[in-house]
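Here's the structure, in C-alpha cells; my notes come after.
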Amino acid sequence: MKLHFRSFGSGEPFIILHGVFGSSDNWQTVGKEFSSKYKVYLVDQRNHGSSPHSDEFDYGVMADDILELMLNENIERANILGHSMGGKTAMTFAARYPEKVIKLIVV
C-alpha cells in the first residue's frame, strides 16, 4: 500500500511511525528537530491519517507497507522509530527485514 508521508531534512533516513488512532501530525515537532541531522519521514500508517484504508490490517502487512515506502523512496536502510502501534510495526519490520534497519527505537 502506498502510504501518505511527509519528509524533510537531509542525511541518513529516519522513519517515524505513530501510535494507534494517531497520524504523522503527532510527530511533527520531534521530526523537525531530528531533521537537522537526518532525512525524516513522518508516515501515516494504513487506516490512519491521509493513508488509504483497507480491511487487511495486521502488523505483517503494515511492516510490508514500510518496505514498499522504502523501495519507492530508494531507501536502502533506515533508522526507524515507532510509538505504541508504530513500535509493534517497527519491531515486525525489523524481524522480517533486519538488513533494512540501521537502528530501531521503540517508544
Side-chain angles (χ1 to χ4, degrees):
M1 174 177 288
K2 190 166 176 113
L3 300 176
H4 174 266
F5 69 92
R6 62 192 94 192
S7 65
F8 35 85
S10 61
E12 216 171 56
F14 195 143
I15 297 171
I16 299 178
L17 305 173
H18 60 79
V20 69
F21 305 124
S23 73
S24 58
D25 292 344
N26 300 118
W27 287 90
Q28 280 192 45
T29 302
V30 172
K32 287 180 182 176
E33 280 293 318
F34 286 133
S35 72
S36 64
K37 184 175 178 183
Y38 299 95
K39 175 139 188 198
V40 175
Y41 293 83
L42 298 178
V43 180
D44 284 340
Q45 295 187 82
R46 70 171 51 214
N47 299 342
H48 291 78
S50 297
S51 283
H53 288 239
S54 170
D55 290 337
E56 193 174 16
F57 187 60
D58 61 44
Y59 292 113
V61 295
M62 293 166 74
D64 289 344
D65 292 343
I66 302 307
L67 178 63
E68 183 177 338
L69 181 145
M70 290 177 71
L71 293 172
N72 289 341
E73 292 298 306
N74 296 313
I75 301 169
E76 188 172 321
R77 298 175 70 225
N79 299 288
I80 302 177
L81 180 152
H83 169 251
S84 186
M85 176 190 74
K88 289 183 179 183
T89 302
M91 289 186 289
T92 302
F93 180 85
R96 286 184 171 200
Y97 310 106
E99 72 283 359
K100 297 285 188 187
V101 179
I102 299 168
K103 292 179 184 169
L104 174 66
I105 304 162
V106 179
V107 181

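The figures here come from the full heavy-atom set of this structure, side chains too, leaving out hydrogens, waters and symmetry mates.
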Provide the closest heavy-atom pair for [X] versus [Y] in the form atom of the first, atom of the second, distance.
X    : Y   : answer
G31  : I16 : CA-CD1, 4.2 Å
L104 : A94 : CD2-CB, 3.8 Å
A63  : R96 : CB-CD, 4.4 Å
S23  : G49 : CB-CA, 4.0 Å
G19  : S84 : CA-CB, 4.0 Å

Shared hydrophobic cluster for [X] and [Y] (ILVMFWY, side-chain gaps under 4.5 Å):
X   : Y    : value
Y38 : F8   : yes
M1  : I15  : yes
M91 : L81  : no
I80 : L71  : yes
Y41 : I105 : no

For the side chain of [X] and the backbone of [Y], is there at least one donor-acceptor N/O pair under 3.5 Å apart?
X   : Y   : answer
S51 : H4  : yes
H18 : W27 : no
N72 : L69 : no
D44 : S50 : yes
D64 : L67 : no
R6  : Q28 : no

Item to complete: Mind running side chain to side chain contact (heavy atoms under 4.5 Å, CB included) on D65 and V43 for me, showing each step along the way?
Response: CA-CA 10 Å; D65 292 343; V43 180; over 6 Å; no
Worksheet item: Within a radius of less than 6.0 Å around CD of E76, do more than 12 heavy atoms belonging to other residues, nucleotides or ligands occur?
Response: no
Discussion item. For E73, I'd like to know if atom CD has over 12 heavy atoms of other residues, nucleotides or ligands within 6.0 Å.
Written reply: yes
Atom pair [atom1] ([X]) and [atom2] ([Y]), whose distance is rounded to the nearest 0.5 Å:
X   : Y   : atom1 : atom2 : answer
S10 : K37 : OG    : NZ    : 12.5 Å
H83 : T89 : NE2   : OG1   : 12.5 Å
F21 : N26 : CZ    : CG    : 12.5 Å
T92 : Y97 : OG1   : OH    : 10.5 Å
M85 : F57 : CE    : CZ    : 5.0 Å

Worksheet item: Could you walk me through whether E12 and N79 pass the side-chain hydrogen bond (donor to acceptor under 3.5 Å, both in side chains) check?
Response: CA-CA 8 Å; E12 216 171 56; N79 299 288; 2.9 Å; yes
Practice prompt. Kindly determine whether K88 and M62 satisfy side chain to side chain contact (heavy atoms under 4.5 Å, CB included), including the steps that lead there.
Written response: CA-CA 10 Å; K88 289 183 179 183; M62 293 166 74; over 6 Å; no
